[in-house]
Amino acid sequence: MQGIVFDIKRFAIHDGPGIRTSIFFKGCPLSCWWCHNPESCAKGIQKLDFEFKGSSTIGWETSAEQLLFEVEKDRAFFDESNGGVTFTGGEPMMQANFLKETAELFKSKELHLTLDTTGYVAEQKFREVVGLMDLVLFDLKHMNEKSHFEFTGVSNKLIFRNLQYLVEEGKEIHIRYPMMPGLNDEESNLIEMMQFLQKNTDVKRIHLLPYHKIASGKYEKLGMKNRMIGIDEPSQARIELVKDYLEIGGFEVMVG
Ligand code: SF4
């Protein structure tokens with residue numbers, strides 16, 4: 001089976017425990033205003049032509065065996081640091097069958113597997129694949145359905161149902177909260193998120209991911225509209241305030 005990925009990052013230290021190799025799957029069902037990887041959104045391989053500057057291709061076809069060959073190069077670092085492999089994107093579950101085949105092969109080689117997911121995945125597919133994962137990094141972008149729809153293009157109802165399933169399965173979960181000034185960092189959203197997690201899960205760790213403008217140049221190259229124009233990165237003081245707020249709520253917070 002062939003799948004499409006658009007990047008492999010070695011020595012990643014923010015995508016799960018230890019030193020990891022992160023594999024970026026192409027395709028995402030969301031269209032978040034703040035997306036740092038807009039090149040991940042479209043499902044297929046993309047060819048970009050630049051006037052006077054030639055062209056470049058985003059994504060390539062690969063197989064589970066080829067990916068295993070790549071990650072095995074880093075095995076010594078995984079063993080040293082209790083690390084492993086992280087599947088990210090885009091939304092890796094957009095290629096659920098390929099992800100499943102890859103995860104089964106990796107699991108048979110005793111690799112620690114982390115899935116970074118939006119949770120916006122058909123429930124049956126989600127259930128088939130998450131059982132292979134040791135850890136799930138699960139995004140919570142906005143608790144209010146209307147705001148979630150506005151900023152990501154989809155409802156959060158399915159996302160909550162899939163999170164509930166992970167809880168019932170006793171899966172280790174870390175929440176990823178992208179902090180977007182003026183969009184989802186208001187007190188009411190933070191309170192709702194904390195109350196929801198306290199009531200429905202035993203999640204302890206939240207990754208707070210502050211907005212940064214690093215990706216703005218990509219939008220121009222891709223000919224995509226950048227909806228974050230005019231929104232500034234949060235100050236260090238504001239990040240600390242939100243971090244403290246979540247910590248007072250009983251969560252262990254990692255920034256970045
Ligand atoms: S879910 Fe992630 S990859 Fe998909 S559009 Fe949102 S930020 Fe980008």
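All heavy atoms count here, side chains included; hydrogens, waters and symmetry mates do not.
Cluster annotation: Ile239 is not connected to Leu183 through the hydrophobic network of ILVMFWY side chains, with a link wherever side-chain heavy atoms come within less than 4.5 Å. Under a hydrophobic-cluster definition in which Ile, Leu, Val, Met, Phe, Trp and Tyr are linked whenever side-chain heavy atoms come within less than 4.5 Å, directly or via other members, Val71 and Ile13 are assigned to different clusters.
The existence of a salt bridge linking Glu70 and Lys73 is confirmed by a sub-4.0 Å separation between a basic side-chain nitrogen and an acidic carboxylate oxygen. In this structure, Glu252 pairs ionically with Arg205, as a charged nitrogen and a carboxylate oxygen lie closer than 4.0 Å. Using a cut-off of 4.0 Å between Lys/Arg side-chain N and Asp/Glu carboxylate O, Arg238 and Asp185 are scored as salt-bridged.
The shortest heavy-atom contact between Glu39 and His36 is OE1-O, 4.3 Å. The shortest heavy-atom contact between Asp116 and Pro92 is O-CD, 3.4 Å.
In this structure, Phe25 has its ring center at least 6.0 angstrom away from the ring center of Phe6. Ring-centre distance between Trp33 and Phe151: below the 6.0 Å cut-off.
At least one side-chain heavy atom of Tyr245 sits under 4.5 Å from a side-chain heavy atom of Glu187. For the pair Thr117/Glu91, a side-chain contact is recorded, criterion being any heavy-atom separation below 4.5 Å from C-beta on.
For the residue pair Arg20 and Thr86, a side-chain donor N or O sits within less than 3.5 Å of a side-chain acceptor on the partner.
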